[in-house]
Amino acid sequence: MQVQKLRLQRGWSQQQLAELSGLSVRTIQRIENGSAASTESLKSLASVFEIDFSTLSSESAMPDTPTSSPTHTPSASQQEQLALLEVRKLKGFYLHLAQYVVVIAALCAINLLTTPHRLWFYWPALGWGIGILAHAATIFGWLPFLGGDWEKRQVEKRLGRPL
């Protein structure tokens with residue numbers, strides 16, 4: 001469907017489109033696979049792509065030519081949405097980190113009060129700590145080979161466009 005074409009032109013993942021449009025990833029997948037979409041879903045997608053709703057409302061009305069160039073530069077509203085998305089991801093990380101600190105501190109207290117001669121709280125701290133590090137790596141871009149630029153290069157490669 002046209003939604004996938006528009007998404008790929010902008011170098012967005014299904015997850016990014018879902019977050020920008022307020023739809024679920026599963027809904028995006030269904031629409032891209034040709035399932036019928038609700039009017040509200042199509043309006044949301046048309047808003048994100050900054051195209052007329054009627055362009056997405058029926059398959060026959062969809063143009064074969066892209067509405068924007070493959071080197072599409074996001075508009076100010078799209079940049080704001082992407083910035084908001086990044087801030088929400090950062091907020092999610094900080095909430096995750098705060099939960100980790102509170103829960104591990106509580107486990108430490110329980111451990112020291114009940115069985116001080118055998119320390120076990122560091123096992124959940126270690127396991128969850130690895131999860132925190134993985135979360136931080138994705139948020140702060142410590143793994144550049146799986147970041148947004150990598151996704152864009154892979155999309156361009158699969159579309160047969162020069163990198």
Holding to side chain to side chain contact (heavy atoms under 4.5 Å, CB included), I want the full list of residues that pass it with [X], two or more places apart in sequence or in another chain.
X: Glu19; result: Gln15, Leu85, Lys89
X: Arg88; result: Leu84
X: Phe140; result: Leu90, Phe93, Tyr94, Ala136, Trp142
X: Tyr122; result: Leu119

*Are Ser44 and Ser41 linked by a side-chain donor-acceptor pair shorter than 3.5 Å?*
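Distance-only check fails for Ser44 and Ser41.
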_Applying side-chain hydrogen bond (donor to acceptor under 3.5 Å, both in side chains) as the test, list every pair that has at least one member in residues 99-115; sequence neighbours left out._
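Non-adjacent pairs meeting side-chain hydrogen bond (donor to acceptor under 3.5 Å, both in side chains): Asn111-Thr115, Thr115-Trp120.
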_Pairs meeting criterion side-chain hydrogen bond (donor to acceptor under 3.5 Å, both in side chains) with involvement of residues 128-140, two or more places apart_ =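 The answer is His96-Trp128, His96-His135.
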*Can any side-chain N or O of Arg30 pair as donor or acceptor with the backbone N or O of Ser35 at less than 3.5 Å?*
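Such a contact is absent between Arg30 side chain and Ser35 backbone.
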Quick one: pull up [atom1] in [X] and [atom2] in [Y] and give me the separation to the nearest 0.5 Å.
X: Gln2; Y: Ile51; atom1: CD; atom2: CD1; answer: 7.0 Å
X: Gln9; Y: Lys5; atom1: CD; atom2: NZ; answer: 6.5 Å
X: Ser38; Y: Ile31; atom1: OG; atom2: CD1; answer: 7.0 Å
X: Gln14; Y: Thr27; atom1: CD; atom2: OG1; answer: 11.0 Å
X: Lys157; Y: Gln154; atom1: NZ; atom2: CD; answer: 5.0 Å
X: Glu50; Y: Arg10; atom1: CD; atom2: CZ; answer: 7.5 Å

*After noting the C-alpha distance and the side-chain angles of Gln16 and Arg7, does the key distance pass the side-chain contact (heavy atoms from CB on, under 4.5 Å) rule?*
CA-CA 9 Å; Gln16 289 170 315; Arg7 176 180 62 79; over 6 Å; no
*Ser24 and Ala18: which non-hydrogen atoms are nearest, and at how many Å?*
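Answer, listing the atom of Ser24 first, then Ala18: C-CB, 3.8 Å.
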ILVMFWY network linking [X] to [Y], side-chain heavy atoms under 4.5 angstrom:
X: Ile104; Y: Leu112; result: yes
X: Leu126; Y: Leu107; result: yes
X: Val101; Y: Ile132; result: yes
X: Phe121; Y: Ile110; result: yes

_Verdict with supporting geometry, Leu45 and Ile28, side-chain contact (heavy atoms from CB on, under 4.5 Å)_ = CA-CA 9 Å; Leu45 290 170; Ile28 300 296; 3.8 Å; yes
*Report, as yes or no, whether the 6.0 Å neighbourhood of atom CZ on Arg26 holds more than 12 heavy atoms from other residues, nucleotides or ligands.*
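It does: Arg26 CZ has more than 12 such atoms within range.
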*Would you mind reporting whether Leu17 and Val25 have side-chain heavy atoms less than 4.5 Å apart?*
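They are not in contact (no side-chain heavy atoms under 4.5 Å apart), so the answer is no.
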